[in-house]
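Quick note: residue numbers are just sequence positions, from 1.
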Amino acid sequence: KEEEMKDPFRHEKVDRIIDAYFRKKYTVLNSIPNEVKDQFLQVGFAKWNNVFLPVLFLGPYDLSPGPVRDKWMKMFEKALDDEQKLQNMHRIVYWYGESEYDAYSMKANDQCLSCEEGTRLGLGHIPVPIQQKLDSGGELSKMEKSVLKGLESMMKDMRISRRDRKIPFETTLEDYQLVVRGIRLVAEIECQKHLKDKGNMLV
């Protein structure tokens, strides 16, 4: 690490990593159909075990780098040359009320509903069985507590503008930010890219 920090060309290498990140982000976001992008950070509902629950639809850069984004990116790259596939790509959803470990899923487009569609189906209200338990002082199950917490969180987001909505977890830094702060080495990022490019060639 000390050797790299003394490298007179480190600044140029870091600049290339930053540039590559923003070029890719720009390319990805501009390749996504507007109809799909318009759904990012919108409140809605997605099916889980035959029940529609409140979600926040996310774009790939609305959550931290990691397995969910990576999985979405692989699907995106396979669909890139097919407009219909891009339109019907799985959506990244954040399940309102869930812990970070269980917070995200990739859901098929036909398993998702907009807020308006869900509201017409009565999904924006506390389910009658849960309301009855609340009224009678009954004990809610773990699932019912999760549904109630999710609805409360969804209602809060509906009261703020779309651009101010965000997931309620601390986001981790992007690779370029880690390099800038000296947490990761340029050599690590270059090796990671080389391995990824090599893997793509083998697919």
To the nearest 0.5 Å, tell me how far [X] [atom1] sits from [Y] [atom2].
X    : Y    : atom1 : atom2 : value
I17  : Q177 : CD1   : CD    : 12.5 Å
D164 : L41  : CG    : CG    : 10.0 Å
Y61  : Y21  : OH    : OH    : 6.0 Å

Any side-chain to backbone donor/acceptor pair from [X] onto [Y]? Under 3.5 Å, distance only.
X    : Y    : result
R165 : D157 : yes
R184 : G182 : no
E77  : K74  : no
Q42  : Q39  : no
N49  : V51  : no

Verdict with supporting geometry, F22 and I18, side-chain contact (heavy atoms from CB on, under 4.5 Å):
CA-CA 6 Å; F22 283 102; I18 295 172; 3.8 Å; yes
Pair [X] + [Y]: basic N to acidic O under 4.0 Å:
X    : Y    : result
E144 : K133 : yes
K166 : D62  : no
R69  : E174 : yes

Can you list every salt bridge (charged side-chain N to carboxylate O under 4.0 Å, His left out) pair that touches residues 15-39, not counting sequence neighbours?
D19-R23
For S146, the side-chain hydrogen bond (donor to acceptor under 3.5 Å, both in side chains) test, sequence neighbours excluded, returns E98
So do T172 and P65 actually touch side chain to side chain, heavy atoms under 4.5 Å?
yes
With the side chain counted from C-beta on, respond yes when M106 and M75 share a heavy-atom pair under 4.5 Å apart, and no when they do not.
yes
Apply the test side-chain contact (heavy atoms from CB on, under 4.5 Å) to residues W48 and W95: give CA-CA distance (whole Å), side-chain angles for both, the deciding distance (0.1 Å), then the verdict.
CA-CA 10 Å; W48 184 83; W95 301 100; 3.6 Å; yes
Determine, stepwise, if the pair V179 / R10 fulfils side-chain contact (heavy atoms from CB on, under 4.5 Å).
CA-CA 10 Å; V179 171; R10 183 178 187 276; 3.9 Å; yes
K107: salt bridge (charged side-chain N to carboxylate O under 4.0 Å, His left out) partners, not counting sequence neighbours:
none
In this structure, would V147 and V128 fall into the same cluster of hydrophobic residues linked by side-chain contacts under 4.5 Å?
no
Taking all atoms of both residues into account, what is the closest heavy-atom pair of S153 and G97, and its distance?
OG-N, 4.4 Å
With I92 as reference, evaluate L56, V55, L63 under the side-chain contact (heavy atoms from CB on, under 4.5 Å) test and give the passing residue.
L63
Angle between ring planes, F169 versus Y94, binned at 30° and 60°: parallel, tilted or perpendicular?
perpendicular
When you look at Q131 and L148, which way does the side-chain contact (heavy atoms from CB on, under 4.5 Å) test go after all the steps?
CA-CA 9 Å; Q131 187 62 58; L148 188 60; over 6 Å; no
